[in-house]
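Everything below concerns the one structure shown next.
Counting starts at 1 for both ligands and their atoms, in listed order.
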Amino acid sequence: MSKDKVQIFDTTLRDGEQVPGCKLDANQKLVIAERLDNLGVDTIEAGFPISSPGDFNSVYEIAKLVKNATVCGLTRAVKNDIKTAAEALKPAIRPRIHTGIGTSDSHIKYKFNSNRDAIIERAVAAVKYAKTFVEDVEFYAEDAGRTDNEFLARVCEAVVAAGATVLNIPDTTGYCLPEEYGEKMKYLKENVKGIHKAILSCHCHNDLGLATANSIAGVMNGARQIECTINGIGERAGNTSLEEVVMILRQHPNLNLDTRINSKLLYSTSQMVSQKMGMMVQPNKAIVGANAFAHSSGIHQDGVIKNRETYEIIDPADVGVDESSIVLTARSGRAALAYRAKLVGYELTKVELDQVYQEFLKFADKNKEILDADIHTIISATDVAIEKQG
Ligand code: KIV
Ligand code: ZN
């Protein structure tokens, strides 16, 4: 049975770029956009055109450049925002306007000093106006995570009737639990008239570390688009991480869902974005962190050397990482030492390995990590002469 496709909506260049200190120049944005297109994302949110002339130009240039993905520009439910986004998106082969408004009681009261009926009217007017420029209009119900489901369904029904093609249900504050977010999607699927005319989209923030789990709960309950960023960068604690959702769907075939992403480009794309934004990837970051395929404890190393699958659920090659690494520390055992020694040219007998291991432990107690050059030093310091092969 063929798998249902989950569309990947990448917002690295919009929500991701909102990270303090991570401003990209126009050229850097173009290079990243081209890479995202090659990676296979379905939609690139290129920016917020009304926010500055620089953002307008970047969206315009990206719209000219991108050949495969839909190019999207963000707006508020404000006429001038929408008109400006439409102008910036003019060169796009597949343009999308992303418009919306806050729907939670807190947003309605404090941001808009308004009421529910007036918010629905503004939402509908924004979608109708956007439809005069482009066919593909995505509507976001900001703070949907804290919007009660009945009202959210009313908003969704009204904007779908106005022509919205995608319904973005953002957990803007990262508040929801996965069950709750999944339940929200299910409720909308079951209670919004005309829902079959639109795609439900997950847009989750990571304030409680649940962005990825919430997005997966969303697609398990009927959503078919995930909004995410490379390395999970974004406002505050970030957005759903693209590489995580892609690999979760791939590693769990029983979900019967997949994306069009070329996963072999994930690691290099992560490195590229990190370098261009000047934002390091935390070493223990799932999928793309420096330690994601590194093994340092003796028990794990022994297992991985015997068979990689004992401690790895992903083949590193599938995400573009050359191979798993066996890191030598004071917690490493003989198997890891023999393995690394062999890689640098020493085939140790059991007796030799015992001797070298004693020397290794002394060295390892004084040093955090043992590098290839240190292996030569350690072996030279043992009493027996061990020949280097090759
Ligand atoms: O988090 C959010 O609600 C957003 C919207 C503007 C889509 O980023
Ligand atoms: Zn967001």
Side-chain angles (χ1 to χ4, degrees), residues 7-20 22 41-52 55 59 70-78 81-82 84-85 88 96-108 110-112 119 122-123 126-127 130 136-147 151-152 155-156 159 164-176 180-181 184-185 188 198-215 218 223 225-242 244-245:
Q7 301 202 6
I8 293 295
F9 175 116
D10 182 278
T11 183
T12 304
L13 297 174
R14 201 278 296 170
D15 226 338
E17 215 232 354
Q18 290 174 210
V19 175
C22 285
V41 308
D42 297 277
T43 302
I44 297 172
E45 186 162 53
F48 184 10
I50 193 80
S51 66
S52 72
D55 228 39
V59 175
T70 294
V71 179
C72 175
L74 185 76
T75 83
R76 294 166 295 179
V78 171
D81 282 29
I82 295 169
T84 307
R96 176 183 295 174
I97 292 177
H98 188 191
T99 191
I101 195 162
T103 54
S104 65
D105 288 338
S106 141
H107 279 225
I108 294 175
Y110 298 113
K111 269 178 72 175
F112 304 114
I119 289 295
R122 279 185 68 177
V127 170
D136 192 4
V137 174
E138 172 165 343
F139 175 81
Y140 64 86
E142 195 181 9
D143 206 13
R146 294 187 299 172
T147 302
F151 178 60
L152 189 58
V155 176
C156 288
V159 296
T165 48
V166 182
L167 290 172
N168 179 8
I169 310 300
D171 184 20
T172 305
T173 59
Y175 176 73
C176 287
E180 195 181 357
Y181 192 72
K184 202 172 268 296
M185 289 297 181
L188 296 174
I199 294 173
L200 277 167
S201 179
C202 311
H203 179 115
C204 299
H205 280 267
N206 207 29
D207 300 66
L208 292 171
L210 290 170
T212 294
N214 283 345
S215 298
Q225 178 175 279
I226 294 178
E227 310 201 357
C228 45
T229 60
I230 301 293
N231 299 332
I233 56 167
E235 282 274 346
R236 307 182 308 280
N239 287 59
T240 301
S241 137
L242 182 148
E244 291 173 14
V245 291

(Q) If I consider every N, O or S atom in H205, which one ends up closest to the Zn ion (ligand 2)? I only need its name. (A)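 The H205 atom nearest to the Zn ion (ligand 2), restricting to N, O or S, is NE2.
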
Q: Mark the output for R14 as yes if a heavy-atom distance to ligand 1 is under 4.0 Å, and as no if none is.
A: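 Yes, R14 has heavy atoms under 4.0 Å from ligand 1.
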
Under 3.5 Å: donor-acceptor pair, side chain of [X], backbone of [Y]:
X: T147; Y: S104; answer: yes
X: D143; Y: T172; answer: no
X: D55; Y: F48; answer: yes

Need the ligand 1 atom indices (1-based, order shown) with element for anything under 4.0 Å from a heavy-atom of [X].
X: E142; answer: 3 (O)
X: P170; answer: 2 (C), 3 (O)
X: D15; answer: 8 (O)

Q) Does H98, backbone or side chain, put an N or O under 3.5 Å from an N or O of ligand 1? A)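 Between H98 and ligand 1, no N or O pair is found under 3.5 Å apart.
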
Minimum-distance protein heavy atom relative to [atom]:
atom: atom 3 (O) of ligand 1; value: T172 OG1, 2.7 Å
atom: atom 4 (C) of ligand 1; value: H203 NE2, 3.5 Å
atom: atom 1 (O) of ligand 1; value: H205 NE2, 3.0 Å

Q) For the atom pair CG (N231) and OG (S241), what is the distance rounded to the nearest 0.5 Å? A)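 Between N231 CG and S241 OG, I get 7.0 Å after rounding to 0.5 Å.
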
Q. Looking at CD1 of I233 and CG of N239, how far apart are the two atoms once the value is rounded to the nearest 0.5 Å?
A.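 Taking CD1 in I233 and CG in N239, the distance rounds to 8.0 Å.
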
(Q) Checking contacts here: is it the side chain or the backbone of E138 that comes within 4.0 Å of ligand 1, counting heavy atoms only? Could be both or neither. (A)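 It is neither; nothing of E138 touches ligand 1.
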
Q: Kindly identify the option in T99, T11, I169, N168 whose heavy atom sits closest to atom 7 (C) of ligand 1.
A: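 It is N168 that holds the nearest heavy atom.
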
Q. Between Q225 and F9, which heavy-atom pair has the shortest distance, and what is it?
A.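 The answer is NE2-CD1, 3.3 Å.
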
Q: Using side-chain contact (heavy atoms from CB on, under 4.5 Å) as the criterion, point out the one residue from T84, T99, I50 that pairs with T75.
A: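 Exactly one option meets the side-chain contact (heavy atoms from CB on, under 4.5 Å) with T75, and it is T99.
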
Q.
Please determine whether D15 has a backbone or side-chain N, O or S atom lying under 2.8 Å from the Zn ion (ligand 2).
A.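 D15 does place an N, O or S atom closer than 2.8 Å to the Zn ion (ligand 2).
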
Q: Determine whether more than 12 heavy atoms belonging to other residues, nucleotides or ligands lie under 6.0 Å from atom OH of Y175.
A: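 Incorrect, the count does not exceed 12.
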
